[in-house]
Amino acid sequence: MSFIYSPIVILILITKASSSYLHAFAVLASYTQHINNNHFCYKPNLVKKKMASGKELCEGVEWRIRVVDGSSEVLVPPTGLARKVWLRTKGLISGLRMKVRMFLKQAWDMGANDPRKVIHCIKVGLALTIVSLVYFMRPLYDGVGGNAMWAIMTVVVVFEPTVGATLYKCLNRVCATCLAGFLAVGVHWIASQSGDRFEPFVVGASIFILASIATFSRFIPSVKSMFDYGAMIFILTFSIVAISGYRVDKLFDLAHQRISTIIIGTSLCILVIMLVCPIWSGQELHSLTVRNMDKLSDSLDGCVRLYFTNSNGEDDQKLQGYKCVLSSKASEESMANFARWEPSHGRFNFRHPWKQYLKIGASMRSCAYCIEALNSCINSENQAAESIKKHLSTSCLKVSSSSSSAIKELAESVKKMNKSPTIDLLVEEMNSALEELHNDLKSLSHLLNPSTTAENQISATGLVPFMEIIPVVTLASILIEISVRIEALVGSVEELVKESEMKDKIVAKEEKPEEP
């Protein structure tokens with residue numbers, strides 16, 4: 001008995017380690033069949049393939065059974081259609097399981113890196129759970145009727161991650177619904193007074209005129225930035241109520257129930273978004289501006305240092321930080337728009353100069369474009385002569401260092417929302433470094449050799465071809481342009497601080513009680 005089953009155990013262990021369970025059971029079945037046919041011995045052989053160089057390459061292990069007459073047979077698992085289908089299905093299931101595992105890992109990492117996203121999901125679930133009580137509780141349901149579902153739909157549509165975005169949608173939805181409801185009731189009354197024959201024409205004409213006007217208003221920039229969502233809701237509500245009034249007798253009740261459910265949904269959204277871990281658009285815009293300034297400063301200093309010192313120790317993520325500044329325009333505009341809807345929070349008043357952040361962002365992007373040009377100089381195939389780079393390295397590094405320090409100081413000024421006492425000194429230091437760079441550029445004339453061909457090159461020491469001077473002069477001119485744009489950035493930040501202080505004084509004066 002041990003003669004038969006001990007090879008079976010060894011065979012299962014070896015086959016399990018080398019391939020799959022299915023292959024193990026197939027070989028086991030074949031071996032068992034040979035045992036039943038009075039085969040009595042087995043022998044594993046290494047399958048080798050002889051290469052062209054004469055070396056042998058091992059490809060795997062094959063199992064042979066020696067029968068009674070002395071010959072041997074190779075044990076091969078059956079390869080039928082059912083087995084191929086099973087292997088293919090098993091592979092698909094394994095691949096799907098791996099994809100699900102990777103998706104869950106990415107979702108976990110995203111939640112761990114930004115817990116606010118998880119908090120937002122919890123707040124949405126909380127708001128939907130509370131508003132569903134309108135549908136479940138009989139007294140509330142009797143008050144609004146079957147339109148209670150509009151409250152749930154309102155929560156799903158208007159709930160946003162930030163307070164400003166939620167307030168923007170809630171107030172637009174409530175005002176647009178009320179205005180559209182009142183106009184629809186008035187149009188219904190006028191249409192009913194005109195008789196059954198002209199009623200459809202009055203309703204259709206009113207829908208055409210008001211919907212066209214509301215749609216055209218969405219193309220006006222000032223209306224689009226503040227009331228685009230409200231215009232869309234106005235078109236939807238007015239069309240539904242006006243058309244329903246042609247067949248529904250109690251139109252006023254329909255409009256009243258719809259307005260009531262929307263007010264319930266929006267009020268609940270405002271309470272949840274402001275009381276449960278609020279995320280303010282103004283604070284997000286403020287933090288984004290500070291982060292972009294820090295990234296701009298690191299990219300500027302790192303690019304110039306990498307060009308002149310050829311050091312590979314610079315963090316590539318810091319060098320590419322200017323790209324975040326270039327791609328943040330849409331985020332800044334949306335945050336500034338939503339921040340205007342937010343009440344006073346923290347150190348930001350209701351009339352905080354949020355538009356000034358857009359000017360600061362525009363100034364930073366103008367600097368980032370120059371840094372992108374600097375980066376292209378570093379990666380250019382046409383490099384300057386080492387002697388020229390050494391001649392201008394000190395002044396260029398001084399300009400980049402002083403410019404980077406000025407941007408960092410501006411970031412601190414925006415972060416603390418007060419004027420920096422050292423920013424004027426840093427700007428003067430940057431200007432003095434620019435004067436030194438101008439002098440070094442003027443001194444390049446004695447090193448210039450206008451000849452660019454090999455036959456006409458002057459062999460005198462100290463002279464270099466003209467084409468070898470262009471790259472470093474280009475970089476120096478870009479640094480000069482960056483310094484000029486940094487001065488514009490300084491003016492924008494100082495204007496923000498000045499307007500913020502003025503707004504704070506006005507608000508404090510309004511809140512101060514009058515003395516008798």
Side-chain angles (χ1 to χ4, degrees), residues 114-127 130 154-155 157-175 225-230 263 265-294 328-361 410-420 492-513:
D114 192 359
R116 295 179 303 176
K117 296 179 180 179
V118 181
I119 295 175
H120 172 67
C121 298
I122 295 174
K123 289 194 290 187
V124 172
L126 176 63
I130 297 175
T154 299
V155 172
V157 171
V158 304
F159 208 100
E160 295 290 337
T162 61
V163 176
T166 304
L167 287 174
Y168 161 76
K169 282 194 169 183
C170 288
L171 296 178
N172 270 268
R173 190 176 183 87
V174 171
C175 295
S225 61
M226 297 290 289
F227 307 107
D228 182 69
Y229 182 74
I263 291 177
T266 53
S267 301
L268 182 61
C269 289
I270 293 174
L271 290 176
V272 173
I273 197 67
M274 294 184 65
L275 297 180
V276 182
C277 301
I279 301 175
W280 304 94
S281 298
Q283 182 63 46
E284 291 295 310
L285 176 61
H286 185 80
S287 301
L288 177 63
T289 303
V290 175
R291 289 196 304 267
N292 285 345
M293 284 187 176
D294 291 333
S328 62
K329 180 179 179 181
S331 300
E332 291 174 357
E333 290 179 350
S334 62
M335 289 180 183
N337 183 31
F338 295 146
R340 287 184 289 177
W341 294 87
E342 294 178 344
S344 299
H345 56 279
R347 53 185 173 181
F348 305 109
N349 295 315
F350 179 70
R351 288 175 288 185
H352 191 76
W354 299 114
K355 289 185 178 181
Q356 190 62 31
Y357 284 89
L358 300 180
K359 296 181 180 180
I360 295 176
L410 290 176
E412 288 295 324
S413 178
V414 174
K415 185 177 181 179
K416 298 178 181 179
M417 202 52 67
N418 55 16
K419 185 177 179 179
S420 173
S492 299
V493 172
E494 290 180 351
E495 186 178 354
L496 170 65
V497 174
K498 184 178 179 180
E499 291 185 6
S500 176
E501 292 177 352
M502 291 179 60
K503 296 293 184 182
D504 292 343
K505 291 180 180 179
I506 293 174
V507 172
K509 185 177 180 179
E510 291 178 352
E511 293 179 353
K512 185 178 180 180

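- Under the side chain to side chain donor-acceptor pair (under 3.5 Å) criterion, Ser281 pairs with Thr162, Glu342, not counting sequence neighbours.
- With sequence neighbours left out, the side chain to side chain donor-acceptor pair (under 3.5 Å) criterion links Ser225 to no other residue.
- Partners of Trp280 under the ring-ring contact (aromatic ring centres under 6.0 Å, His included) rule, at least two apart in sequence or in another chain, are His345.
- Residues Glu160 and Ile273 approach most closely at O-CD1, 3.4 Å, considering heavy atoms.
- A search for salt bridge (charged side-chain N to carboxylate O under 4.0 Å, His left out) contacts involving Asp114 returns Arg116, not counting sequence neighbours.
- For Ser413, the side chain to side chain donor-acceptor pair (under 3.5 Å) test picks out no residue, with sequence neighbours left out.
- Listed by chain and residue number, nothing satisfies the salt bridge (charged side-chain N to carboxylate O under 4.0 Å, His left out) test with Arg291 (two or more places apart in sequence, or in another chain).
- Heavy atoms only, all atoms of each residue included: Ile360 and Met293 are closest at CG2-CE, 3.5 Å.
- Side chain of Ser344 to backbone of Phe350: a donor-acceptor contact under 3.5 angstrom is found.
- Under the salt bridge (charged side-chain N to carboxylate O under 4.0 Å, His left out) criterion, Lys123 pairs with no residue, sequence neighbours left out.
- Scanning for side chain to side chain contact (heavy atoms under 4.5 Å, CB included) contacts around Val174 gives Cys178, Ile262, Ile263, Thr266, with sequence neighbours left out.
- Contacts of Glu495 classified as side chain to side chain contact (heavy atoms under 4.5 Å, CB included), with partners at least two apart in sequence or in another chain: Gln356, Lys359, Glu499.
- Residues meeting the side chain to side chain donor-acceptor pair (under 3.5 Å) test with Asn172, sequence neighbours left out: none.
- Within the structure, salt bridge (charged side-chain N to carboxylate O under 4.0 Å, His left out) contacts touching residues 268-279 (residues at least two apart or in different chains) do not occur.
- Contacts of Tyr168 classified as ring-ring contact (aromatic ring centres under 6.0 Å, His included), with partners at least two apart in sequence or in another chain: Phe338, Trp341.
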